[in-house]
Amino acid sequence: MKYLEIEHLKKTFDHLEVLKDISLSVEEGEVVSIIGPSGSGKSTLLRCATMLERMDGGSLSYLGERAAWEENGKCVYASRNDLKRIRKSYGLVFQSFHLFPHFSVLKNVMDAPVNVDHVPREQARQRAETLLAQLGLADKRDAYPCQLSGGQQQRVSIARALALQPRILFFDEPTSALDPELTGEVLKVIRELAKEHMTMIIVTHEMQFARELSDRIIFMEDGVIRQQGTPEELFGNPDERVREFIGKFQA
């Protein structure tokens, strides 16, 4: 089943075409990594897919339900109630954590289930404590974000996203703010999620990680998908530009 389907996505900022006719789909349980140079449109693609930015053209569907489509040359969105339901399909993990600094770790993870999904508080607490234990953070439940390392904060942000029980997880450069040792902590969590067949779309500069973990890798440049395929296809038979890009990370 297609969990995510994007067709002919276009996005322009101040007359600059950032995304030019992007089409992609993601199947249930698939892990898709998006790589490419800075400014290629990777993060904008994620922001459009998660409706943090409005698309200027194209269509967007989750689990077969349309969130946005083109009508008379303009992009229109589903009703507010439909979008509220569709947004429950996915979670987003940012590169800069976005935790509430005045909330404890436990409250950060509980907050959205209680206040957005109206999950009973005790049920939300049990769900949060289970996730924190799975992510090696049980002993940090009463700590505040400022008392945690960057790797721990990112693991809390993953727990927070998982607490809403999404079908798809988006990661926007989840390790870019971390040093190599802390990066390993976060990548280990993502590997465990992949083993559990979590559907994930990951924007990353971690080439080896993308190669090991992904079912499919998409290379973006200048707002278009330049090449995509399995890790074996992309790393084993890249076009000249992809080879040049990958080579910078393998040098």
Side-chain angles (χ1 to χ4, degrees), residues 1-9 11 18-50 90-95 150-151 154-155 158 161 167-251:
M1 179 183 183
K2 286 185 171 63
Y3 267 29
L4 170 67
E5 193 160 15
I6 295 171
E7 294 183 340
H8 308 299
L9 166 56
K11 179 63 183 176
V18 178
L19 297 176
K20 310 166 187 174
D21 198 15
I22 297 281
S23 294
L24 65 93
S25 63
V26 179
E27 303 280 342
E28 178 181 1
E30 193 175 18
V31 178
V32 177
S33 291
I34 304 174
I35 64 172
S38 296
S40 58
K42 305 184 301 296
S43 291
T44 302
L45 172 58
L46 250 61
R47 291 181 66 82
C48 286
T50 56
Y90 59 81
L92 176 60
V93 178
F94 300 92
Q95 55 183 292
Q154 190 62 294
R155 281 186 280 154
I158 294 171
R167 308 287 281 278
I168 306 173
L169 263 189
F170 291 90
F171 292 87
D172 187 11
E173 296 282 8
T175 60
S176 65
L178 305 176
D179 66 33
E181 185 175 357
L182 299 179
T183 291
E185 290 180 21
V186 175
L187 297 184
K188 181 181 177 183
V189 170
I190 299 174
R191 282 191 180 94
E192 290 302 316
L193 291 172
K195 287 180 185 175
E196 295 168 11
H197 306 291
M198 184 76 197
T199 307
M200 294 185 281
I201 298 96
I202 308 166
V203 169
T204 184
H205 278 114
E206 300 285 340
M207 292 300 108
Q208 191 57 36
F209 173 73
R211 186 174 188 171
E212 290 173 6
L213 192 75
S214 308
D215 297 298
R216 183 157 43 100
I217 299 176
I218 292 170
F219 178 82
M220 285 184 65
E221 187 171 43
D222 296 329
V224 300
I225 294 175
R226 179 77 177 253
Q227 186 176 357
Q228 64 175 308
T230 65
E232 292 76 18
E233 289 167 342
L234 208 81
F235 282 84
N237 189 30
D239 72 17
E240 188 175 341
R241 176 64 186 104
V242 178
R243 184 182 297 112
E244 178 190 355
F245 177 79
I246 292 170
K248 291 178 180 177
F249 290 88
Q250 294 178 330

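- Judged as a ring pair (Phe, Tyr, Trp, His ring centres under 6.0 Å), the pairs with a partner in residues 213-234 (not counting sequence neighbours) are, in order, Phe219-Phe245.
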Worked check of side chain to side chain contact (heavy atoms under 4.5 Å, CB included) between Thr199 and Leu4: CA-CA 10 Å; Thr199 307; Leu4 170 67; over 6 Å; no
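- The heavy-atom pair separating Gly36 from His205 by the smallest distance is O-NE2, 3.6 Å.
- Here the side chain of Arg243 pairs a donor or acceptor atom with the backbone of Pro238 at under 3.5 angstrom.
- Judged purely by atom type and a 3.5 angstrom limit, Thr230 uses its side chain to pair as donor or acceptor with the backbone of Glu233.
- Listed by first then second residue, pairs satisfying salt bridge (Lys or Arg N to Asp or Glu O under 4.0 Å) with a partner in residues 190-204 read Arg191-Glu212, Glu192-Lys195, not counting sequence neighbours.
- Here the shortest heavy-atom pairing between Gln227 and Leu234 reads CG-CD1, 3.5 Å.
- When the salt bridge (charged side-chain N to carboxylate O under 4.0 Å, His left out) test is applied to Glu27, the partners found at least two apart in sequence or on another chain are Lys2.
- The CD atom of Gln228 sits 11.5 Å away from the CD1 atom of Ile35 when rounded to the nearest 0.5 Å.
- Rounding to the nearest 0.5 Å gives a distance of 6.5 Å between CZ of Phe170 and OG1 of Thr50.
- A distance of 5.5 Å separates CG of Asp222 from NZ of Lys20, quoted to the nearest 0.5 Å.
- Ser25 is linked by a side-chain hydrogen bond (donor to acceptor under 3.5 Å, both in side chains) to nothing, counting only residues two or more places apart in sequence or in another chain.
- Expressed to the nearest 0.5 Å, how far OG of Ser214 lies from CD1 of Ile202 amounts to 6.0 Å.
- Across Pro174 and Val203, no two heavy atoms sit closer than the pair CD-O, 3.5 Å.
- Within the model, atoms CD of Glu206 and OG1 of Thr175 stand 4.0 Å from one another, a figure rounded to the nearest 0.5 Å.
- Qualifying side chain to side chain contact (heavy atoms under 4.5 Å, CB included) partners for Glu7, counting only residues two or more places apart in sequence or in other chains: Glu5, Ser23, Ser59.
- Note that CG of Asp215 and CG of Leu213 are 8.0 Å apart. Values are rounded to the nearest 0.5 Å.
- Partner of Leu24 under the side-chain contact (heavy atoms from CB on, under 4.5 Å) criterion, chosen from Leu45, Leu9, Ile201: Leu45.
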Residue pair Ile22, Met220: steps toward the side chain to side chain contact (heavy atoms under 4.5 Å, CB included) verdict: CA-CA 10 Å; Ile22 297 281; Met220 285 184 65; 4.0 Å; yes
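- For the ring pair (Phe, Tyr, Trp, His ring centres under 6.0 Å) test, residues two or more places apart in sequence or in another chain that qualify with Phe94 are His98.
- The list of salt bridge (Lys or Arg N to Asp or Glu O under 4.0 Å) pairs with a residue in residues 28-44, not counting sequence neighbours, reads Glu30-Arg216.
- Across all their heavy atoms, Ile190 and Met200 have their closest contact at O-CE, 3.6 Å.
- Here the closest non-hydrogen pair linking Thr204 and Ala210 is CG2-CB, 4.1 Å.
- In this structure Ser43 satisfies the side-chain hydrogen bond (donor to acceptor under 3.5 Å, both in side chains) test together with Asp172, sequence neighbours excluded.
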Working for side chain to side chain contact (heavy atoms under 4.5 Å, CB included), residues Val186 and Phe171: CA-CA 11 Å; Val186 175; Phe171 292 87; 5.9 Å; no
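- Residues satisfying the side-chain hydrogen bond (donor to acceptor under 3.5 Å, both in side chains) test with Glu221, not counting sequence neighbours, are Arg226, Arg241.
- Applying the salt bridge (Lys or Arg N to Asp or Glu O under 4.0 Å) test to every pair with at least one member in residues 177-188, sequence neighbours left out, gives these pairs: Arg155-Glu185.
- Partners of Asp21 by side-chain hydrogen bond (donor to acceptor under 3.5 Å, both in side chains), not counting sequence neighbours, listed by chain and number: His8.
- Judged as a side chain to side chain contact (heavy atoms under 4.5 Å, CB included), and not counting sequence neighbours, the contacts of Val18 are Phe13, Leu16, Thr44.
- Scanning all heavy atoms of the two residues, the minimum distance from Leu19 to Gly41 falls at CD2-O, 3.4 Å.
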